[in-house]
Each structure stands twice: as C-alpha cells, then as structure tokens.
Amino acid sequence: LPGRWERSGNIFNILAGEAGYSLTLQASGQALPLLRRGPMKWEARAQKGAPVYELEHQEGADKLIFRRDSGGEGLIVARGI
C-alpha cells in the first residue's frame, strides 16, 4: 500500500511510519492517518471527526479505491506510479 498513487494528475502519497506500523495519506497539503478497518480496507481520518475517505487495496494490485464515505459515494480509482 505505501507508495505513490495517481488519478487525473492528482498525486496521493501513502507513507509508512517507523517500523511500518502506521500509514499516512498525503494529498493536497493534508496528512491524514490511516486506520485499518479490515483485510483490504482503511480509513483516512482528520484529527477530529468522521472519516474523510475509505480506502480499498488488494495486495499486489496496481489500483487503490477511495470512497468519500462508507456509503460508496464519491468513488475515486488511483493507479500506482
């Protein structure tokens, strides 16, 4: 999951913390911690409040799926670069 992801010229970086135990999503000047919610699901959260994005990624796949909320609205598919 860590790496650079791109969609329509927008770059999303997912960085691994020390020893790989934490992940952070960086995009548009924001850094959002990722919380694991299932085998292939994570949530990107602002410091306070509800999740900003729900992410899905299958190990070895070259795509990352973002949803603006758990209802599936605002689907974004990014490719690994």
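Just so it is clear, the structure is predicted and the values come from calculations on it, not from any experiment. Just so you know, these numbers use all the heavy atoms, side chains as well, and skip hydrogens, waters and symmetry mates.
- Within the model, atoms CG of Leu34 and CZ of Arg45 stand 11.5 Å from one another, a figure rounded to the nearest 0.5 Å.
- The two atoms that bring Lys63 and Trp5 nearest to each other are C-CZ3, 3.6 Å, heavy atoms only.
- Within the 4.5 Å cutoff, side-chain heavy atoms of Phe66 are placed close to those of Leu25.
- Remark: Asp62 engages Arg79 in a side-chain hydrogen bond (donor to acceptor under 3.5 Å, both in side chains) (not counting sequence neighbours).
- Considering only heavy atoms from C-beta on, Pro33 stays 4.5 Å or farther from Leu23 through its side chain.
- Put simply, the side chain of Trp42 never gets that close to the backbone of Gly38: no donor and acceptor are under 3.5 Å apart.
- Counting heavy atoms of neighbouring residues, nucleotides and ligands inside a 6.0 Å radius, atom CD of Gln26 exceeds 12 of them.
- Ile65 has its side chain out of reach of Leu55: every pair of non-hydrogen atoms, C-beta onward, lies at least 4.5 Å apart.
- Every pair passing salt bridge (charged side-chain N to carboxylate O under 4.0 Å, His left out) that includes a residue from residues 22-38 is listed here, sequence neighbours excluded: Arg37-Glu43.
- Here the CD atom belonging to Glu54 is positioned 10.5 Å from the CG atom belonging to Leu75, to the nearest 0.5 angstrom.
- Legend: residues meeting side chain to side chain contact (heavy atoms under 4.5 Å, CB included) with Glu6, ordered by chain and number and at least two apart, are Ile11, Ile81.
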**Prompt:** Hey, mind stepping through Arg67 and Glu56 against side-chain contact (heavy atoms from CB on, under 4.5 Å) and telling me if it holds?
**Reply:** CA-CA 9 Å; Arg67 287 183 175 80; Glu56 290 183 26; 2.6 Å; yes

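- To the nearest 0.5 Å, atom CG of residue Asn10 and atom OG of residue Ser28 are 6.5 Å apart.
- In this structure the side chain of Ile14 never reaches within 4.5 angstrom of the side chain of Thr24, judged on heavy atoms.
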